[in-house]
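Below is one structure, written out as structure tokens; the observations come after it.
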There are 2 protein chains.
Amino acid sequence: MATRARPTGRRNQVLSREQIIGTAVELLDAGGEGALTVRALTERLTTGAGAIYYHVGNRDELLDTATETVVTAALTTRPAQTAATPEDEIRVVALALFDTIAEHPWLATRLILQIVRNPAGPVTVGIFERIGRQVSALGVPQAHWFDAASTLVHYILGAVGQNARIEGDTSGVEPHADRDEFLGATAEAWQALDPEDYPFMHAIAGRISEHDDREQFLTGIAVVLGGLARLR
Amino acid sequence: MATRARPTGRRNQVLSREQIIGTAVELLDAGGEGALTVRALTERLTTGAGAIYYHVGNRDELLDTATETVVTAALTTRPAQTAATPEDEIRVVALALFDTIAEHPWLATRLILQIVRNPAGPVTVGIFERIGRQVSALGVPQAHWFDAASTLVHYILGAVGQNARIEGDTSGVEPHADRDEFLGATAEAWQALDPEDYPFMHAIAGRISEHDDREQFLTGIAVVLGGLARLR
DNA sequence: ACCTGAACACCGTTCAAGT
DNA sequence: ACCTGAACACCGTTCAAGT
């Protein structure tokens, strides 16, 4: 009888939301947050600004969606699959986040923003759920589940943020040499501090060059896991 | 004989670096990072853009200096002074950072940036030194000082970042009511999750409204401190 | 030495107009 | 429904010119 609007009335969609998000991640990986401009997007995708805004709302939303996509993918991919103990599974999740941020340094800042502003979003919920289940498997009484999971997540976020590379570096030009140089300069600066005013920094200055971020991260996880016994 | 340049050849300085930093902090406190524009600064200080750049280099440097100023002040001010044990002193430092970020939410992001990019700067060094001394007083063997201090600092940064208010809120209009509403909405969203897919989030949803950020933070500190026994 | 303020290049976002 | 692209308001930064 009456004319119904076609359920899928699309005519000629050549640009998709997924495409935009994908290119956004590329731009972010290549040059950090500053490299994600609407104009850079329109050039790579050969469209106009309006087309972008038709699909994504605004730049901040795009940044959030990119974060969501990358983090969710990292948490969903089942790596070794064989997580024997709750402790192991927590390490697997933590390292997945660690490695993801190493690949996408812009995530460090964005991850924190997500969790602060959007605690009901898939990123926050995904991380908490994944960690939280292991907390309960660990034998922490339910009354302390929230505190225990929070402590783990907060430690992971703080540590993982530290691993992020320096922003604005022009893509990966000898990242390793840069890093050694950077650590060396830091060690030197710590060494140069007045031992009277900074006895501790002076004492640990030597350790910084030989330390391994990933190992230190795992040590930290072990410390927190050990401390959770307090809540039992 | 020869004409020497006057050692202090200033003629009519009416604008100081300190003044600029002070107004920058005001703008940041009032409206977050987006509110710190060179134009807003020139208006408040009734000068031109050039005057700002004569004193501070650029916006990013100003942001770093503002961070430095606020954090250093927070760490320097001796609060109760009576820190009986190393554990107490760690709590004092941690809470000082916690409260400072509550007052200056824009610090959350900036603090992490500082520590990542400028590990030899006064902020990183100040926090590490303060925490590190207590780690050694705690009886952690020197070989583990760096790991122990890192774990504490990373936890503190991760947790403290969570406490930051939502950015861009128009100054403090009933911040408490906003916060209750925010937590309530979060609890509801967690409650609404499918209990099959998110058993943990569902289980802790009730706790979020009754929980106290500061107390939870202290619980986390206690967990990490407890875990440090592992390194002894 | 310190400051002015116009000028420049570059942003994010909107919107009338097209198909 | 989906896209174009000019236009707008607003950025950070520079720099010749003033005192």
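Residue numbers begin at 1 in each chain, while the letters A, B, ... track the order of the sequences.
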Measure up the Tyr155(B) and His154(A) rings against each other and bin them: parallel (under 30°), tilted (30 to 60°), perpendicular (over 60°). tilted

Angle class for the Phe128(B)/Trp190(A) ring planes (parallel below 30°, perpendicular above 60°, tilted otherwise)? tilted

May I ask which nucleotide in the shown strands pairs with dA9(C), Watson-Crick or G-U wobble, both distances under 3.5 Å? none

Provide the Watson-Crick or G-U wobble partner of dT19(C), both distances under 3.5 Å; none if there is no partner. dA1(D)

Can you work out whether Val38(A) or Thr46(B) has the more 5'-proximal nearest nucleotide on DNA chain C? Thr46(B)

For Thr47(B) and Ala51(A), take the nucleotide of DNA chain C holding the closest heavy atom to each; which residue's nucleotide lies nearer the 5' end? Thr47(B)

Mind calculating the distance between [atom1] ([X]) and [atom2] ([N]) to the nearest angstrom?
X        : N       : atom1 : atom2 : result
Arg59(A) : dC10(D) : CZ    : P     : 19 Å
His55(A) : dC2(D)  : NE2   : P     : 7 Å
Glu33(B) : dG12(D) : CD    : C1'   : 14 Å
Glu61(A) : dG12(C) : CD    : P     : 15 Å
Ile52(B) : dC2(C)  : CD1   : C1'   : 13 Å
Leu41(B) : dG5(C)  : CG    : C1'   : 16 Å
Leu63(A) : dG12(C) : CG    : C1'   : 13 Å
Arg39(A) : dT13(C) : CZ    : P     : 11 Å

With sugar-phosphate meaning primed atoms plus P, OP1 and OP2, does Leu36(A) contact a base, only sugar-phosphate, or nothing at under 4.0 Å between heavy atoms? sugar-phosphate

Measure from the side chain of [X], starting at C-beta and using heavy atoms only, and say which of [options] lies closest.
X        : options                   : answer
Thr37(B) : dG12(C), dG12(D), dT13(D) : dG12(D)
Ala49(B) : dT4(C), dC3(D), dA6(C)    : dA6(C)
Tyr53(A) : dT14(C), dC2(D), dC3(D)   : dT14(C)
Tyr54(B) : dC3(C), dC2(D), dT13(D)   : dC3(C)

Does Glu196(A) have more than 12 heavy atoms from other residues, nucleotides or ligands lying within 6.0 Å of its CD? no

Whether over 12 other heavy atoms sit under 6.0 Å from Gln191(A) CD: yes

Please assess Val71(A) against Leu97(A) for the test side chain to side chain contact (heavy atoms under 4.5 Å, CB included), listing each intermediate value before the final yes or no. CA-CA 8 Å; Val71(A) 173; Leu97(A) 286 172; 4.3 Å; yes

